[in-house]
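Computation of the quantities below employed the complete heavy-atom set of this structure, encompassing side-chain atoms and omitting hydrogens, waters and symmetry-equivalent molecules. Order of appearance sets the numbers: ligands from 1, and atoms from 1 within every ligand.
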Amino acid sequence: MSLRWHILGAGNLGSLAGAALQRAGFDICHTGARHGAADASLHRHLIYPDGRQESCQWPGDTTGPITHLLIATKAQDTATALLPVLPRLRAAATLVRLQNGLGSLDGLPLPADCRIIEAISNSGAWRAGDTINVVAENPTWMGDGGAAALTPPDWFDALQPHWPALHWHVDMRRQQWLKLSVNAVINPLTALHDCPNGALCDDPALRAHAARLADEADQLLARLDPDWPNDTLVRALHLARATAQNTSSMRADYRAGRPTEIDYINGWLLRQAAPLALPMPAHAAIVAALH
Ligand SMILES: NC(=O)c1ccc[n+]([C@@H]2O[C@H](COP(=O)([O-])OP(=O)(O)OC[C@H]3O[C@@H](n4cnc5c(N)ncnc54)[C@H](OP(=O)(O)O)[C@@H]3O)[C@@H](O)[C@H]2O)c1
């Protein structure tokens, strides 16, 4: 029998991942839907940048055992979505956390024997009803989130040919920090000032604000990792220029009045800085402003 994946949060990224898992031949179902019809099957129609289209129909399963769980809710929804699902986890279950932002599993009563795989993606997608519009299929990295084996699990090898630019990373922590540090500059500034990413390069005041955020992030991350490259501003401006016309996810959420992932991006930095008594006034101010 084929290995079964449960998807918790079949939104933009969860659906993109689910489609890849399905192409790899895994059995897929969704779980934990919050709008009542949790057992109903879920339809997703994906439209890719090259015009390719793909239809997926995943049954709901709200009671069955779970061996492999893909978590793709927004970070701030993780606890609410995951806690009811935990009793269904089988021994040595695998959890793949596909989220930007860090710390969404902190403090949750996860079984000690589960294997947590961290995943971050540079892909872009947005949803209109059941349709997932994939803007770009960019690299996605997965790697162990604990002090675990350096080799990928067997299912990863089966999945890789079906998920464009999927890579295993032995140092996921570094990879996550590189992405988080850039997000901590671009996302809140573009949300607060309601501007596209490129404004950070073009507007001197925004650029100066970006420099303060980047500098504070570098000071913290260098304390946590002596090999930290201290180049957050360079990477953030490079990405802002390369995606000049794009709207960051935080800007989109903030504009729409939805909760943002700020507490798991800049808020995560503040939580790391607190025990070090390291002041991060620019991050504290922007978190407060976006709240
Ligand atoms: N979108 C992108 O292009 C992109 C790119 C890179 C990384 N990411 C990251 O990927 C993660 C997911 O983002 P996304 O854009 O895919 O978000 P999303 O489209 O909002 O999807 C989140 C899904 O989680 C579901 N959900 C929320 N609360 C739940 C609960 N309590 N129980 C069960 N399901 C629940 C939502 O259900 P409803 O449908 O009912 O709201 C939705 O289907 C984020 O960390 C984001 O930063 C996104």
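Close contacts of ligand 1 with Q99, meaning ligand atoms under 4.0 Å from a residue heavy atom, involve 45 (O). Of all the atoms in ligand 1, the ones that sit under 4.0 Å from a non-hydrogen atom of A10 are 43 (O). Below 4.0 Å from some heavy atom of S121 lie the following atoms of ligand 1, by number and element: 6 (C), 7 (C). Near T73, meaning under 4.0 Å from any of its heavy atoms, are these atoms of ligand 1: 11 (C), 12 (C), 22 (C), 24 (O), 26 (N), 35 (C). Within the listing of ligand 1, atoms 44 (C), 45 (O), 46 (C), 47 (O) sit less than 4.0 angstrom from a heavy atom of E261. The distance from ligand 1 to the heavy atoms of A72 drops below 4.0 Å at these ligand atoms: 12 (C), 22 (C).
To the nearest 0.5 Å, the span separating CG on L16 from CG on L98 amounts to 8.5 Å.
Residues W168 and F156 place their aromatic rings such that the two centres sit under 6.0 Å apart. With ring centers used as reference points, H30 lies 6.0 Å or more from W58.
With R44, R97, K74, K179 as candidates, the residue nearest to atom 13 (O) of ligand 1 on a non-hydrogen basis is K74. Of the listed residues (I71, T140, L13, V134), the one carrying the non-hydrogen atom nearest atom 16 (O) of ligand 1 is L13.
Every side-chain contact (heavy atoms from CB on, under 4.5 Å) that Q272 has, sequence neighbours left out, goes to L220, L224, W268. Listed by chain and residue number, L233 satisfy the side-chain contact (heavy atoms from CB on, under 4.5 Å) test with A211 (two or more places apart in sequence, or in another chain).
Not a single N or O atom of G124, backbone or side chain, sits closer than 3.5 Å to an N or O atom of ligand 1. Residue-to-ligand polar distances keep S249 apart from ligand 1: every N/O pair is separated by 3.5 Å or more. Not one N or O of T31 is nearer than 3.5 Å to an N or O of ligand 1, by distance alone. Residue T80 has no nitrogen or oxygen atom sitting less than 3.5 Å from a nitrogen or oxygen atom of ligand 1, judged on distance alone. Considering both main-chain and side-chain atoms, A75 never comes within under 3.5 Å of ligand 1 through any nitrogen or oxygen pair. For a threshold of 3.5 Å applied to N or O pairs, the pair formed by N12 and ligand 1 contains at least one separation below that value.
With respect to E118 and R97, a salt bridge is recorded, a charged nitrogen being found less than 4.0 Å from a carboxylate O. Comment: R23 engages E54 in a salt bridge, judged by a side-chain N to carboxylate O separation of less than 4.0 angstrom. Taking 4.0 Å as the cut-off between side-chain N and carboxylate O, D227 and R174 do not count as a salt-bridged pair. Between K74 and D253 there is a salt bridge, since at least one side-chain N of the basic residue sits less than 4.0 Å from a carboxylate O of the acidic one.
By the criterion of a heavy-atom distance under 4.0 Å, the backbone of L98, and not its side chain, is placed next to ligand 1. Residue contacts with ligand 1, taken as heavy atom pairs separated by less than 4.0 Å, involve S123 solely via the backbone atoms N, CA, C and O.
No more than 12 heavy atoms of other residues, nucleotides or ligands sit less than 6.0 Å from atom CG of D154.
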